[in-house]
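Working notes for the structure below.
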2 protein chains.
Amino acid sequence: MSVSVDNFLKNVFLLTQESPNPVTSSVLAERLGVSGAAVTDMARKLGKKGWLDYRPYQALVLSKQGQKLALKVIRKHRLWELFLHQVLGMDLMSVHEEAEKLEHHTSDELIEHISHFLGNPDFDPHGDPIPGNGGEIPSEKGVKVLTDVGENEEWVVKKLRYRNSETSEMYDRFGLESGMTLKVLKIFDFDGSLEVRFSDGREVLISGKLAENIFCVKKN
Amino acid sequence: MSVSVDNFLKNVFLLTQESPNPVTSSVLAERLGVSGAAVTDMARKLGKKGWLDYRPYQALVLSKQGQKLALKVIRKHRLWELFLHQVLGMDLMSVHEEAEKLEHHTSDELIEHISHFLGNPDFDPHGDPIPGNGGEIPSEKGVKVLTDVGENEEWVVKKLRYRNSETSEMYDRFGLESGMTLKVLKIFDFDGSLEVRFSDGREVLISGKLAENIFCVKKN
DNA sequence: AAACAAAATTAAGCAACCTTAAAACAAAAA
DNA sequence: TTTTTGTTTTAAGGTTGCTTAATTTTGTTT
C-alpha cells in the first residue's frame, strides 16, 4: 500500500463519515488536491483490488476490506497525533502534518507499541475517536473537548486525560471526575482559560491547556 | 529530498566511514540493492545539486553539503532506533527496519523533540554515535557495547544508559559507574548474561539486557 | 424528447526512479 | 603496446502517480 492508496482510502472513509452526500470523484479530488483524472485512475485500480466498489459515474463506496484498511490508517494517524502531543509535547498544530507523514510508514507492530504506551486511548487530542486494532470505533456521540464548548451550556465530563502526575493532581484539586456536570461561564480569549461552574455550585478557573484534556458530552 | 536521495547520501557516507576503499558505483549499487545504472543516474543528478563531486568513472565523494545532509539522515535514524528501543521497548532487531522508514519522514522539529526527550544522547542502542544537530559526531574511539566485548579483555566503562529507575538501581547495586575498569570473565550464550570482574575484585553476573546499556572503551 | 451544463472518463504525456542490454572506458595482463 | 577483463556509462524502455485536454456520460432544463 503506497502513500497515495492510503490517502485515497482514508479520505473516502472520512468524507463518507463527515457528510451524508455521496463521495464523488470531484469532491475527493478537491480534498486530495489532485485532478479528477487521477481519482478515476486510482479508483479503477482499487476497484480491481477489491477495496472499492467502483462503477463508472457512480459514487465511491469502500468495500468492507477497504474500510478496514482506511481504519488502520486513521488509527495510526490519531495515535501518532496523541503521542506527539502528549508524550513529546508538540504543538497541536504541528502534530497533524507530522502524523500525516508518519501514518504511512508505521508498521502494525510499532503502532501497537505506541497504543500500549499511551494506555490504549480512545480519543486523540482533537477528541476524535481512535479506531481499535480490529477496526471498532469508540462511541463519541457528542463528545467535545472542553475548549470547544460554548458558554452557558451544560456538559457532562466524559473523559479526563492523564498526561502526567500534575494533571491528576489538578483534577483532584478541582474535584473533577468523569460523570460530573459542569457549565462554562466564560471563555477568556486572552489566555484560553475557562471559568466553569460545577453542579455543586463551585466556580473555578481552568487553564486552556488543562481544558484540552477534558472531554464532555452535552447534558441529556 | 526523496527517500532515494536520502538513502544514496546516507550510504555513501557510511561506506566512506566503514572502509578505506573508495565508494564505487558497484559497491553502492550492491548496498542499495539497485542496478549500477541507477546509481550512475542518481550520482549525476546529485552532482548537479552540488551534494556530490561526481566525475564519470571516479569514486563517489560527498561534498560538504552532501555530508551534512547524510548526517541529518543518520541522526534521525539513530535517534529513532534509540527511542523505539528505549522508550517503546521494541526489540533491537525490529528497531532498525522501523527507523529505516521513519528517518525519511521526520521533520527537523520532530527529531529535536525526540532528542530532547531522550536527553540529547550521544549513542544509539548499537553503540553508534548520533551526529549532533549541527553534524558533529560524538567521539567513539573504540566504544563498544559490553555485550560485544570479548572474554578476558579489560575495558573501561564509558557510558551507562539510564533506561528507567530500575536500571539506575541495578547500576547502584553493582557499584557500576562511568570510568571504572572491568573484565568480562565469561559470556553465557544461554541467556546472554555476563560474568564480570571489577578492578576491586568483585565478581558479578550482569544480564544481557542490562549489558546492552553499558558502553566501554578498551583499557589503554 | 432534445438540448445543455456539469461531472466523469479517456487519451496523451511527463517526471522520478527503476530495469536490462549494449557500448565505452580503465586498469592490469600478456 | 596491445589485449583482455571487469566496471561504468549510455540507451531504450517500464511503472507509478500525476497532469491537461478532449470526449463521453449523466441529469436537468426546456
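In what follows, chains are A, B, ... by sequence order, proteins preceding strands, each numbered from 1. Quick caveat: nothing in here was measured; it's all calculated off a predicted structure.
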In whole angstroms, the gap separating C1' of dC18(C) from CE of Met42(B) amounts to 10 Å
Here the distance between atom P of dT25(D) and atom CD of Gln58(A), to the nearest Å, is 14 Å
### Query
Does Ser2(A) place a side-chain N or O at less than 4.0 Å from the phosphate oxygens OP1/OP2 of dG17(D)?
yes
Below 4.0 Å: OP1/OP2 of dT10(C) and any side-chain N or O of Arg44(A)
yes
Separation of dT16(D) atom C1' from Leu46(A) atom CG, nearest Å, is 13 Å
Note to self: For Glu18(B), is the CD atom crowded, meaning more than 12 foreign heavy atoms sit under 6.0 Å from it?
What the structure shows: yes
Here the distance between atom C1' of dA8(C) and atom CG of Leu60(A), to the nearest Å, is 11 Å
**Prompt:** Are Trp155(B) and Thr181(B) close enough that a side-chain donor and a side-chain acceptor fall under 3.5 Å?
**Reply:** no
Residue pairs passing the side chain to side chain donor-acceptor pair (under 3.5 Å) test with at least one member in residues 3-13 of chain A, sequence neighbours excluded, are Asp6(A)-His104(A), Asn7(A)-His104(A), Lys10(A)-Glu100(A), Lys10(A)-Glu103(A), Asn11(A)-Arg31(A)
Checklist entry - Is it true that Arg75(A) and Glu112(A) make a salt bridge, defined as a side-chain N closer than 4.0 Å to a carboxylate O? => result yes
Any strand, both distances under 3.5 Å, Watson-Crick or G-U wobble: dT30(D) pairs with dA1(C)
Under 3.5 Å, side chain of Ser63(B) to main-chain N/O of Gly50(B), donor-acceptor pair present? yes
Using 30° and 60° as the class boundaries, would you call the ring planes of His105(A) and His105(B) parallel, tilted or perpendicular? parallel
Tyr57(B) OH to dT9(D) P, in whole Å, measures 6 Å
Here the distance between atom C1' of dG17(D) and atom CG of Asp41(A), to the nearest Å, is 8 Å
Taken to the nearest whole Å, NZ/Lys45(B) to P/dT9(D) is 16 Å
Which of dC18(D), dA21(D), dT19(C) is nearest the side chain of Ala37(A)? It is dA21(D)
- Task: Respond yes when some side-chain nitrogen or oxygen of Tyr54(A) is under 4.0 Å from OP1 or OP2 of dT9(C), and no when none is.
- Result: yes
The complete set of ring pair (Phe, Tyr, Trp, His ring centres under 6.0 Å) pairs with one or both residues in residues 31-77 of chain B, sequence neighbours excluded, reads His77(B)-His96(B)
ask   = Looking across every strand, which nucleic acid part, if any, lies under 4.0 Å from Ser35(A) by heavy atom: base, sugar-phosphate, or nothing?
value = base
Non-hydrogen side-chain atoms of Leu52(A) and Val61(A) separated by less than 4.5 Å
no
Inset, instruction - Ignoring backbone atoms, establish whether Thr24(B) has a side-chain N or O less than 4.0 Å from OP1 or OP2 of dT7(D). - result: no
Residues in residues 5-12 of chain A with a heavy atom under 4.0 Å of DNA chain C, by number, are none
Leu28(B) atom CG is separated from dT8(D) atom P, nearest whole Å, by 10 Å
Open item on the list: Between Ser26(A) and dA6(C), is there a contact of a side-chain N or O with OP1 or OP2 at under 4.0 Å?
Closed with: no
Check your understanding: Base, sugar-phosphate alone, or nothing: which one does Ser4(A) contact when heavy atoms must sit under 4.0 Å apart?
Key -> sugar-phosphate
Against the side chain of Ser25(B), the closest entry in dT10(D), dA8(C), dT8(D) is dT8(D)
